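Residue numbering restarts at 1 for every chain, and letters A, B, ... go by the order of the sequence lines. Predicted, not measured: the structure shown is a model, and the values here were computed from it.
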Number of protein chains: 2
Amino acid sequence: MYSSELIKGTLKTIILKLLSESDEMYGYELTQRVKELTGGKIQLTEGALYPTLHALEAQGVLTTNVVNVGNRIRKYYSITPTGKQLANDKVNEYADFIDTMTFLLGLKPNMG
Amino acid sequence: MYSSELIKGTLKTIILKLLSESDEMYGYELTQRVKELTGGKIQLTEGALYPTLHALEAQGVLTTNVVNVGNRIRKYYSITPTGKQLANDKVNEYADFIDTMTFLLGLKPNMG
DNA sequence: TTTATATACATAAATTTCTTAGGTATATAA
DNA sequence: TTATATACCTAAGAAATTTATGTATATAAA
């Protein structure tokens, strides 16, 4: 787990990226997927995740589809074309930012 | 200039890294150095910088030395041994975080 | 059987971090 | 004399997140 300040500002980018690669995902699924992909190093908190999903929906970049699974509710999120554009922009901006920080902090370029 | 949310959480790391490479620097100098090194892409705001410098001093990782230059004041900051250790830890953590984000966002490793 | 854990949503108070705006003051170039 | 640069500082407000809490079902463990 990283110190919480580092992760700040990356939540929207992460959500949009994962949703632009998948047909649809629900909130809890996003938390599990991020945990899995990062080996537990990044864990989305529900208190941050759900309000952000609601905001992205209100903004028109995500649409929802509520489904009953057994007796529980699941709210699936899909990305809109506008959202895909936004996801691309955010990911590209973050890639640029990483390059800048890599240089500023004197880190070796990562060669895999 | 990056969207302001991206830069969040990186301020302390940037300050500590620059001060661990230099004998001493003053606040305004830090803003100019970061602007120069990032081609204007990151510009530290004084409202964020000065309170953070004060906090790092209170924490014992920085010490100060006030100097009169002409009729103006300059407050030079130097990093303590504890601060150098913290700088190292923060930079290493950020490097790890960059690797994680690079993978999560499906970015190509940067080969310079 | 009741306890803990996992699934699955949500909100709200408090905290952290930053932006924006303002204040003081000197030096210099237009 | 006006704008820009240098050089410090604080405080109100905004933004993003953490922490805490709530609801509810399902399942594995003790």
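Following rounding to the nearest Å, B:Arg72 (CZ) and D:dA5 (P) show an atom-to-atom distance of 13 Å. Atoms NZ (B:Lys75) and P (C:dT24) sit 19 Å apart, rounded to a whole Å. Between A:Asn68 atom CG and C:dC9 atom C1' there is a gap of 12 Å when expressed in whole angstrom units. In this structure, CE of B:Met1 is placed 14 Å from P of C:dC18, rounded to the nearest angstrom.
The side chain of A:Asn71 places an N or O atom within less than 4.0 Å of a non-bridging phosphate oxygen (OP1 or OP2) of D:dA26. Between B:Tyr26 and D:dA7 there is a side-chain polar atom (N or O) within less than 4.0 angstrom of OP1 or OP2. Look at A:Tyr50 and you won't find any side-chain N or O under 4.0 angstrom from OP1 or OP2 of C:dA10. Distances shorter than 4.0 Å separate some side-chain N or O of B:Arg74 from OP1 or OP2 on D:dA7. Contact check, A:His54 against C:dC9: no side-chain N or O comes under 4.0 Å of OP1 or OP2.
In this structure, B:Glu24 and B:Glu29 approach most closely via the heavy-atom pair O-OE1, 4.2 Å. Nearest heavy-atom pair across A:Val34 and A:Thr38 is O-OG1, 2.8 Å. Counting all heavy atoms, side chain and backbone alike, B:Pro51 lies closest to B:Ala48 at CD-O, 3.6 Å. Here the closest heavy-atom approach between residue B:Ile79 and residue B:Leu19 is recorded as CG2-O, 3.6 Å.
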Verdict with reasoning, A:Leu104 to B:Thr10, per side chain to side chain contact (heavy atoms under 4.5 Å, CB included): CA-CA 11 Å; A:Leu104 188 57; B:Thr10 61; over 6 Å; no

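Rounding to the nearest 0.5 Å places CG of A:Leu16 at 7.5 Å from NZ of A:Lys90. Here B:Ile98 contributes atom CD1 and A:Tyr94 contributes atom OH; the two are 7.0 Å apart, rounded to the nearest 0.5 Å. Note that the OG1 atom of A:Thr102 and the CZ atom of A:Phe97 stand 9.5 Å from one another [nearest 0.5 Å].
Salt-bridge formation is detected for the pair A:Arg33/A:Glu36: a Lys NZ or Arg NE/NH1/NH2 atom is positioned less than 4.0 Å from an Asp or Glu carboxylate oxygen.
Near-neighbour residues of DNA chain D inside residues 82-92 of chain B, defined by a heavy atom below 4.0 Å, are absent.
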Under 4.0 Å protein heavy-atom contact, by nucleotide of nucleotides 13-23 of chain D - B base, S sugar-phosphate only: ---SSBB----

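If you check every strand for non-hydrogen atoms under 4.0 Å, B:Gly70 touches nothing.
In this structure, the side chain of B:Thr13 does not engage the main chain of B:Val91 through any donor-acceptor pair within 3.5 Å.
Toward the 5′ end of DNA chain C lies the nearest nucleotide of A:Gln32, the other residue of the pair A:Gln32 and A:Tyr77 mapping further downstream.
Helical stems in DNA chain C, defined as runs of 3 or more consecutive Watson-Crick or G-U wobble pairs with donor-acceptor distances under 3.5 Å: C:1-30 with D:1-30.
Side chains of B:Asp96 and A:Tyr2: a donor on one and an acceptor on the other come within 3.5 Å.
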